[in-house]
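Written out below as structure tokens is the structure these notes cover.
Just so it is clear: chains get the letters A, B, ... in the order the sequence lines come, proteins before strands, and each one is counted from 1.
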Number of protein chains: 2
Amino acid sequence: MVEPIGPKEEHILNIAMQVFVEKGWHGTKMQEIADRAGVNKAMLHYYFRSKERLYSTIFRQLFMKYMSSLSDSFQPEQDFASTLKQFINRFSDMLRDNPQLPMFVARELSEGGAIVQQCVRELVKDGKLQTPQKFIDEIKKAEARGEIEHMEEPVHFLFTLIGSCIYFFLAGPIIKPLFPGLLSDPDAFLEKRKEAIFKHLYFGIKKRGDNT
Amino acid sequence: MVEPIGPKEEHILNIAMQVFVEKGWHGTKMQEIADRAGVNKAMLHYYFRSKERLYSTIFRQLFMKYMSSLSDSFQPEQDFASTLKQFINRFSDMLRDNPQLPMFVARELSEGGAIVQQCVRELVKDGKLQTPQKFIDEIKKAEARGEIEHMEEPVHFLFTLIGSCIYFFLAGPIIKPLFPGLLSDPDAFLEKRKEAIFKHLYFGIKKRGDNT
DNA sequence: GATTAATTTAACCAACTGGTTAAATATCGG
DNA sequence: CCGATATTTAACCAGTTGGTTAAATTAATC
């Protein structure tokens, strides 16, 4: 089903991915892809027929990468604290390596052209987006083990968790000018960020032993 | 400095705002604004000279609205628990009334054309984006009062908090198809979401009295 | 009611966009 | 080396885009 693609084709695909991720569907011009890939514009159509096809290939790939990383980052461990810690670790590392990925996915889904909508419909239909249930089940188990507090709707914790991990990467352009210096050592920052998220979500901020 | 604008001008501005919020800079066409506003395309240029100017007016306005709502939602109360609860309440309500606002701001900042960059530079220079410090100061006070745990870098809590509130609105297009039925009663959902966020961040999920 | 200024319109324009095509060039099996 | 196939190019095309303009219409002023 997945026909093999030549190195040239792959090179174009990689460049196109960069441009689409940076500028989105409307902001991306075929000419710019061609220029940055160092090929004639007609080559893009030779290999991919149309902007729609090229985009659809790329969106599908990146959307799956994003959703898969959610799934892959979540691996049940001995206790839920470890599971949570590992998820934050892995998911944050993926975001560090693909900082523009969540913005791309969110933006394209929100602009929601026909291509994107069809893509998502297919993936949902094929059952390829079932991360959440895995998550929720594990939360319920940890709850049953008496490890964590009872949650009425575990899905909320999922939202809180993902939101906490992602926000920094989505809001980067606001945060950077507001906190100059915060990112002088990005790696160190991310490590602290991971710890902070875990502490906030697992222990909360309330002073323990305080019953007010 | 702010010249008074006629009702017609304002009408166009409102429509233009809708279109820009929906489709972003590149996705917005002057013709569509004109059509939806029920005016001749030349009128847009008559009132606003260029797409850049029109956009710049709108971006500035919406970006300030977003940043102000962050600031306005944060009003110190008797105790930090109440402050936090109220912030989540107010900020979430604003998001409910302007669900596309965070996506718009994030998207435009990430595409980061010259207009946006200059806009942000001006606002930062004019000191109009100083919400965060207010926040951090209050956290430190609550810490000093012994109300909450010590935080090495309170700014992380800010990120976790905002991320938790915003994620649902940014990820709406992913969440809706994945959790059909979750939003059958959006208002009820949001109320539960507010409570959940507060619980997660203030108390954490760890079973209390458990010292593992 | 005439004159002036503000508003609105249709027609137009140059630049750009995605896409095509036919010819040129490179590649490769024989 | 030859033919066939795959790749690459420049020129081109029709539709769209932001923007202009001059004339027409309306509103305001006297």
Side-chain angles (χ1 to χ4, degrees), chain A residues 2-60 107-108 111-119, chain B residues 2-60 107-108 111-119:
Chain A
V2 181
E3 49 195 275
I5 58 177
K8 198 118 201 175
E9 197 172 341
E10 200 176 333
H11 175 243
I12 294 176
L13 207 58
N14 285 335
I15 300 289
M17 193 175 288
Q18 287 173 26
V19 183
F20 274 119
V21 165
E22 277 175 39
K23 318 207 165 179
W25 165 256
H26 284 113
T28 295
K29 314 297 168 185
M30 294 297 267
Q31 190 60 62
E32 182 174 353
I33 298 176
D35 290 346
R36 282 164 66 165
V39 302
N40 189 292
K41 178 167 66 94
M43 292 308 295
L44 305 186
H45 293 94
Y46 176 73
Y47 283 121
F48 302 98
R49 276 195 69 84
S50 69
K51 189 184 177 185
E52 273 88 355
R53 284 206 179 216
L54 180 54
Y55 174 78
S56 143
T57 305
I58 287 168
F59 175 79
R60 211 178 298 261
R107 181 215 291 147
E108 303 308 306
E111 296 192 3
I115 308 164
V116 171
Q117 280 175 30
Q118 200 202 321
C119 235
Chain B
V2 181
E3 50 195 275
I5 57 175
K8 197 119 201 175
E9 198 172 339
E10 201 176 331
H11 174 244
I12 293 176
L13 207 56
N14 285 335
I15 300 289
M17 192 175 288
Q18 288 173 28
V19 183
F20 274 119
V21 165
E22 277 175 38
K23 316 204 167 181
W25 164 257
H26 284 115
T28 296
K29 313 297 166 184
M30 294 297 266
Q31 190 61 61
E32 181 173 354
I33 298 176
D35 290 346
R36 281 164 66 163
V39 302
N40 188 293
K41 177 168 66 97
M43 293 306 295
L44 305 185
H45 292 95
Y46 177 71
Y47 283 120
F48 301 98
R49 277 195 68 86
S50 69
K51 188 185 179 185
E52 272 88 355
R53 283 205 178 216
L54 180 53
Y55 173 78
S56 142
T57 305
I58 287 168
F59 174 79
R60 209 176 299 260
R107 181 215 291 145
E108 303 307 306
E111 295 192 3
I115 308 165
V116 171
Q117 281 176 28
Q118 200 202 320
C119 235

If you measure from CD1 on Ile15(A) to CD on Glu10(A), what distance do you get to the nearest 0.5 Å? 11.5 Å
Going through the checks in order, is the side-chain contact (heavy atoms from CB on, under 4.5 Å) test met by Ile33(A) and Val39(A)? CA-CA 9 Å; Ile33(A) 298 176; Val39(A) 302; over 6 Å; no
Between the side chains of Gln18(B) and Asn14(B), does any donor sit under 3.5 Å from an acceptor? no
Measure the spacing between CD of Glu108(A) and SG of Cys119(A) and express it to the nearest 0.5 Å. 11.0 Å
Mind calculating the distance between NZ (Lys29(B)) and P (dC16(C)) to the nearest angstrom? 14 Å
Would you mind reading off the distance between Leu44(B) atom CG and dT8(C) atom P, rounded to a whole angstrom? 12 Å
Integer-rounded Å distance: dG18(C) C1' and Lys51(A) NZ: 8 Å
In whole Å, I'd like the distance from the CD1 atom of Ile33(A) to the C1' atom of dG19(C). 14 Å
Drop me the distance from Arg107(A)'s CZ to Arg107(B)'s CZ, to the nearest 0.5 angstrom. 8.0 Å
If we fit an axis to the first five pairs and another to the last five of the helix from dG1(C)-dC30(D) to dG30(C)-dC1(D), what angle do they make, to the nearest 10°? 10°
What's Glu32(A) touching, base or sugar-phosphate or nothing? Going by heavy atoms closer than 4.0 Å. nothing
Rounded distance (nearest 0.5 Å) linking atom NZ of Lys29(A) with atom CZ of Arg36(A): 13.5 Å
Applying ring pair (Phe, Tyr, Trp, His ring centres under 6.0 Å), can you list everything that pairs with Tyr55(A), at least two apart in sequence or on another chain? Phe20(A), Trp25(A)
Contact interval (first through last nucleotide) of DNA chain D with protein chain A, 4.0 Å heavy-atom: dA6(D) to dA10(D)
For a 4.5 angstrom cut-off between non-hydrogen side-chain atoms, does Leu13(A) reach Glu9(A)? no
All N/O contacts under 3.5 Å from nucleotides 5-7 of chain C to the protein, with atom names and distances to one decimal?
from, atom 1, to, atom 2, distance (Å)
dT7(C), OP2, Tyr46(B), OH, 2.9

Any chance you could lay out the side-chain hydrogen bond (donor to acceptor under 3.5 Å, both in side chains) test for Arg53(A) and Thr57(A), step after step, and finish with the verdict? CA-CA 6 Å; Arg53(A) 284 206 179 216; Thr57(A) 305; over 6 Å; no
First encountered from the 5' end of DNA chain C, between Gln31(A) and Ala42(A): Gln31(A)
Heavy-atom pair of closest approach, residues Ile115(A) and Glu52(A): CD1-CG, 3.4 Å
Considering only distance and modelled atom types, tabulate donor-acceptor pairs under 3.5 Å from the side chains of residues 41-49 of chain B, sequence neighbours left out.
none

Between protein and nucleic acid, restricted to nucleotides 23-25 of chain C and to nitrogen or oxygen atoms under 3.5 Å apart, what atom pairs and distances do you find?
none

